[in-house]
Amino acid sequence: MRLGAIDIGTNSMRLLVADFIDGKLLNREKFVNTTRIGQGVDGEGCISKEAIERNIEALKEFSILAKSKGCKTIFCIGTSALRDSKNKLDFVNRAKKELNIDVDIISGEEESNLGFAGILQGLEEKESILAIDIGGGSTEFILGGSEGIEFCQSENVGALRMTEKFLKQDPICEIEFKNMEKFIFKTINKTLSVLKKENIKSIVGIGGTITSVSAINQELETYSMEKIHESEICKKDLDNILQNLKKMTLNDKKNLKGLQPKRADIITAGVAILNLIMKNLEKEKIIVSEYDNLEGLLCQNAKKMS
């Protein structure tokens with residue numbers, strides 16, 4: 001059974017195409033388009049007309065691509081920016097009317113569940129995992145194992161949201177950066193306090209920020225799912241990457257090995273969120289997973305169909 005899954009995130013839209021055979025996902029292919037549906041949502045409360053047009057066009061392209069690869073069914077979810085926007089139904093209704101695609105806007109908790117289900121598909125060690133998903137609009141914290149989720153929390157700090165709110169200068173102004181850090185800490189401190197009391201065996205990261213950090217760390221010329229999946233980032237490397245990013249101009253970042261140019265403007269905020277989490281939880285390394293909410297979405301729906 002060949003299926004497609006689309007995730008409309010705050011910063012990017014992603015497509016997963018895979019075969020579901022005997023409870024496993026095989027022949028996985030992923031595609032990304034930086035569509036920024038969440039641009040301005042934090043400040044204005046609405047998705048702009050331009051962002052709606054851009055995302056309808058991208059959704060159309062992904063739908064055609066998935067069908068050309070043999071997908072009979074395509075599932076589609078919307079996350080943080082669509083959750084928060086007042087005019088979300090303008091987009092949802094157009095997707096249904098023009099493309100016959102049902103966009104399911106999921107809650108932070110549902111997003112966490114899907115992300116965790118995806119992670120479990122791709123990891124051998126499945127006990128006492130803390131999963132961290134830093135997206136464009138929010139960050140999900142999920143603690144659990146093969147028996148299920150013990151704790152999950154979605155916080156409204158994300159790479160695009162924090163960049164728009166705080167980082168106005170190029171290169172980054174230290175005062176703005178410190179203000180952003182204070183805001184992030186204040187927002188997630190309660191969640192961190194809960195997690196500090198837990199016995200966490202390993203921290204696993206999913207999402208564009210963490211995969212980008214891994215690609216930068218490995219200086220990858222071209223992105224490779226195989227090289228990213230189960231790679232490790234230690235706290236020292238994370239510190240070095242963050243310090244370098246803070247000094248760079250936007251143009252420098254666009255030319256940085258391993259970083260997609262379209263993510264260059266928001267990467268520093270994403271890495272700052274990750275760094276703050278690692279520092280406060282006193283963890284020395286994080287494992288990167290290339291299996292995330294898209295894999296979770298496909299598995300969940302494939303099981304219902306079979």
Side-chain angles (χ1 to χ4, degrees), residues 4-7 9 11-19 24-34 62 65 69 114-126 129-136 139-140 142 159 201-245 248 252-264 266-268 270-275 277-278 283-299:
I6 296 170
D7 167 26
N11 182 57
S12 55
M13 187 183 296
R14 301 177 309 130
L15 165 68
L16 168 68
V17 172
D19 295 311
K24 287 205 166 79
L25 292 175
L26 304 172
N27 309 315
R28 290 160 59 244
E29 280 187 281
K30 272 186 180 173
F31 307 88
V32 184
N33 188 344
T34 306
F62 273 175
L65 177 60
K69 288 187 171 285
L114 290 177
F116 202 73
I119 284 171
L120 291 180
Q121 277 283 320
L123 285 184
E124 292 298 317
E125 176 54 57
K126 299 185 181 185
I129 297 166
L130 172 62
I132 295 163
D133 181 1
I134 300 168
T139 295
E140 270 62 55
I142 317 117
K201 278 189 187 163
S202 56
I203 298 191
V204 178
I206 58 174
T209 290
I210 190 81
T211 54
S212 295
V213 171
S214 179
I216 293 166
N217 204 33
Q218 297 181 60
E219 296 186 0
L220 296 183
E221 293 280 3
T222 50
Y223 190 88
S224 158
M225 282 205 292
E226 290 74 25
K227 284 180 181 171
I228 297 294
H229 187 59
E230 291 195 308
S231 62
E232 291 183 356
I233 299 155
C234 68
K235 183 70 175 64
K236 192 178 152 204
D237 290 336
L238 189 62
D239 278 333
N240 288 340
I241 289 167
L242 182 57
Q243 293 315 315
N244 287 337
L245 288 171
M248 288 178 174
D252 291 336
K253 289 172 198 166
K254 282 181 178 172
N255 293 304
L256 187 61
K257 249 190 219 175
L259 183 62
Q260 293 168 320
K262 284 185 175 178
R263 192 173 278 278
I266 66 166
I267 188 63
T268 314
V271 177
I273 296 166
L274 178 60
N275 193 54
I277 294 166
M278 298 290 286
K283 294 293 176 186
E284 284 306 311
K285 69 172 185 183
I286 183 165
I287 301 159
V288 185
S289 172
E290 245 292 344
Y291 285 69
D292 52 43
N293 58 5
L294 282 172
E295 281 80 3
L297 180 64
L298 267 199
C299 286

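Under the salt bridge (charged side-chain N to carboxylate O under 4.0 Å, His left out) criterion, Asp19 pairs with Arg2, sequence neighbours left out. With sequence neighbours left out, Glu290 forms a side-chain contact (heavy atoms from CB on, under 4.5 Å) with Arg28, Lys30, Thr211, Tyr223, Met225, Ile228, His229. By the side-chain hydrogen bond (donor to acceptor under 3.5 Å, both in side chains) test, Asn240 pairs with no residue at all, sequence neighbours left out. Residues meeting the side-chain hydrogen bond (donor to acceptor under 3.5 Å, both in side chains) test with Asn275, sequence neighbours left out: Lys235. Residues passing the side-chain contact (heavy atoms from CB on, under 4.5 Å) test with Ala264 are Leu250, Lys253, Lys254, Leu259, sequence neighbours excluded. Legend: residues meeting side-chain contact (heavy atoms from CB on, under 4.5 Å) with Lys126, ordered by chain and number and at least two apart, are Leu120, Ser146. Not counting sequence neighbours, the partners of Glu29 by the salt bridge (charged side-chain N to carboxylate O under 4.0 Å, His left out) test are Lys69. Listed by chain and number, the residues in a side-chain hydrogen bond (donor to acceptor under 3.5 Å, both in side chains) with Glu232 are Lys285 (sequence neighbours excluded). Looking at residues two or more places apart in sequence or on another chain, you find no salt bridge (charged side-chain N to carboxylate O under 4.0 Å, His left out) involving Asp252. Every residue two or more places apart in sequence or in another chain was checked for a salt bridge (charged side-chain N to carboxylate O under 4.0 Å, His left out) with Glu284, and none qualifies. Evaluation of the side-chain contact (heavy atoms from CB on, under 4.5 Å) rule for Lys227 yields Gln218, Leu220, Ser224 as partners, not counting sequence neighbours.
The CD1 atom of Ile203 sits 11.5 Å away from atom CD1 of Ile233, with the distance rounded to the nearest 0.5 Å. Annotation: the span from Leu65 atom CG to Ile6 atom CD1 amounts to 9.0 Å, rounded to 0.5 Å. If you take CG on Leu256 and CG on Asn244, they are separated by 8.5 Å, rounding to the nearest 0.5 Å. Distance check: Thr209 OG1 to Ile266 CD1 gives 6.0 Å after rounding to the nearest 0.5 Å. Remark: Arg14 CZ to Phe62 CZ distance equals 9.5 Å, nearest 0.5 Å. Going from atom CD of Glu140 over to atom CD1 of Ile132 covers 11.5 Å, rounded to the nearest 0.5 Å.
Under the 4.5 Å side-chain criterion, counting only non-hydrogen atoms from C-beta, Ile210 is not in contact with Ile134. For the pair Asn11/Lys262, no side-chain contact is recorded, criterion being any heavy-atom separation below 4.5 Å from C-beta on. Ile241 places a side-chain heavy atom less than 4.5 Å from the side chain of Val213. Counting heavy atoms from C-beta outward, Ile129 and Phe116 have side chains that approach closer than 4.5 Å. Considering only heavy atoms from C-beta on, Glu295 comes within 4.5 Å of Leu16 through its side chain.
Minimum interatomic distance between Leu294 and Ala5 (heavy atoms only, all atoms of both residues): CD2-O, 3.4 Å. The shortest heavy-atom contact between Ala117 and Gly296 is CB-CA, 4.1 Å. Residues Ala131 and Ile119 share a closest heavy-atom pair of CB-CD1, 3.3 Å. What you find for Leu123 and Glu230 is that their closest heavy atoms are CD2-OE2, 3.6 Å. Across all non-hydrogen atoms, the minimal contact from Ser231 to Ser214 is OG-OG, 2.7 Å. Closest approach of Ser12 to Arg263, counting heavy atoms only: OG-NH2, 4.0 Å.
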Would you please test Ile286 and Ile277 for side-chain contact (heavy atoms from CB on, under 4.5 Å) and show each step?
CA-CA 11 Å; Ile286 183 165; Ile277 294 166; over 6 Å; no

What verdict does the side-chain contact (heavy atoms from CB on, under 4.5 Å) test give for Leu245 and Ile267, after you've listed the backbone C-alpha separation in whole Å, the side-chain angles of each residue and the deciding distance to 0.1 Å?
CA-CA 8 Å; Leu245 288 171; Ile267 188 63; 4.0 Å; yes

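Residue pairs meeting the salt bridge (charged side-chain N to carboxylate O under 4.0 Å, His left out) criterion with at least one member in residues 212-222, sequence neighbours excluded, are Glu221-Lys257.
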